[in-house]
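Worksheet: the structure to be examined is printed underneath.
In what follows, every chain begins at residue 1, and chains take the letters A, B, ... in the order their sequences are listed.
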Number of protein chains: 2
Amino acid sequence: MGWNISDSGPIWMQLHQQLMQRISAGVYPKGSKLPTVRELAAEAGVNPNTMQRALAQLEADGLVVTNRTAGRTVTEDGEVLARMCRRLARDQIQTYFDGMKRLGFTHQQAVEFVQTWKEEER
Amino acid sequence: MGWNISDSGPIWMQLHQQLMQRISAGVYPKGSKLPTVRELAAEAGVNPNTMQRALAQLEADGLVVTNRTAGRTVTEDGEVLARMCRRLARDQIQTYFDGMKRLGFTHQQAVEFVQTWKEEER
DNA sequence: ATACTTGTATTAAGTTAATAATACAAGGAG
DNA sequence: CTCCTTGTATTATTAACTTAATACAAGTAT
């Protein structure tokens, strides 16, 4: 899964979000070393400053730790990781229900749509 | 349901999206008259120019028709309305599944989360 | 010790979006 | 006809974000 940058909002926030998703999905496992700022920036096609900002936020969240010259690693704190993971999932679900409600659908209808959804249907 | 403006992306796009949601939800029914640009702008707390841009897009979509001096009305074309409504719902569902997949969940898990979700759980 | 890697900070410039303040166009109401 | 409402267009200014180009700080390896 590559980087997905759109013009919807500050790029550093999108990067921050996608970094969390990668950690949640196990792309960067607990305790593992992250690529360097410059590598990540090149990979995502953004300025190092922008990636840095995203990483600084990740650190503020307590999700990664910075070892001055040895790069960054994902936290060893499983509880913090689990909490983030739950929060992201909860946000997805809540966003879905809110969105459907805005379109005039009931909670029940929203559930049914998901149940009957065929993958790869476009 | 009030206006929900965030710093995530161009405001006029957010307004455009939310206007579609309102039409879908029946806040502005088929053939009904919309508030004036200036009213909508005041209501949403944005500049009239910004609201105008959102409405111009709505018209380009064929969802509203403009009567030069008599304001704007929602289209009478039920087919166009239904198509938009379906598209918005499809986008919601697709976005949900994509998001959960990014977090490392399977399709099946995503379905189960929705089924067991309790409303008002925060 | 010296060079290299890595994170961090700074400053300037360029781009885009939003706002503000008007002005114009066109139809309806009195 | 004249005024009012409504949509539309223009121009300038402001603010935010991103990029660019460096420079610095602090460990590690040779």
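- The CD-P distance, from Gln52(B) to dA9(D), rounds to 7 Å in whole Å.
- Atom CG of Leu88(B) is separated from atom OG of Ser24(B) by 6.0 Å, given to the nearest 0.5 angstrom.
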Pair Gln18(B)-Trp3(B), side chain to side chain donor-acceptor pair (under 3.5 Å): steps then yes or no
CA-CA 8 Å; Gln18(B) 290 177 43; Trp3(B) 295 92; over 6 Å; no
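- Rounding to whole angstrom units, CD1 of residue Ile5(A) and C1' of dT16(C) are separated by 17 Å.
- Atom-to-atom, CD of Glu39(B) to C1' of dT6(D) comes out at 10 Å; the value is rounded to the nearest Å.
- The CG-C1' distance, from Leu40(B) to dT8(D), rounds to 16 Å in whole Å.
- Ionic pairing of Arg86(A) and Glu79(A) is present here: one or more N-O contacts between side-chain nitrogen and carboxylate oxygen are shorter than 4.0 angstrom.
- Separating the CG atom of Asp7(A) from the C1' atom of dA16(D) is a distance of 15 Å, rounded to the nearest angstrom.
- Considering only the side chain of Val37(B), dG7(D) comes nearest among dT6(C), dC17(D), dG7(D).
- Here Arg38(B) lies in heavy-atom contact (under 4.0 Å) with a base.
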Check against side chain to side chain contact (heavy atoms under 4.5 Å, CB included), Leu40(B) and Leu55(B):
CA-CA 10 Å; Leu40(B) 285 170; Leu55(B) 290 166; 4.1 Å; yes
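- Between Trp117(A) and Phe97(B), the angle of the ring planes stays under 30°, which puts this pair in the parallel group of the 30/60° scheme.
- Relative to the side chain of Asn47(B), the nucleotides dG7(C), dA20(C), dA26(C) differ in distance, and dA20(C) lies closest.
- Atom CE in Met51(A) sits about 17 Å away from atom C1' in dA20(D), given to the nearest Å.
- Residue contacts for Asn49(A): at a heavy-atom cut-off of 4.0 Å it reaches a base atom on one of the strands shown.
- To the nearest angstrom, C1' of dT8(C) lies 12 Å from CG of Leu55(A).
- For dC17(D), neither phosphate oxygen OP1 nor OP2 lies less than 4.0 angstrom from any side-chain nitrogen or oxygen of Thr50(A).
- As a whole-Å value, the separation of Trp12(A) CH2 from dA16(D) P is 14 Å.
- For Arg72(A) and dT8(C), the shortest distance from a side-chain N or O to OP1 or OP2 is below 4.0 Å.
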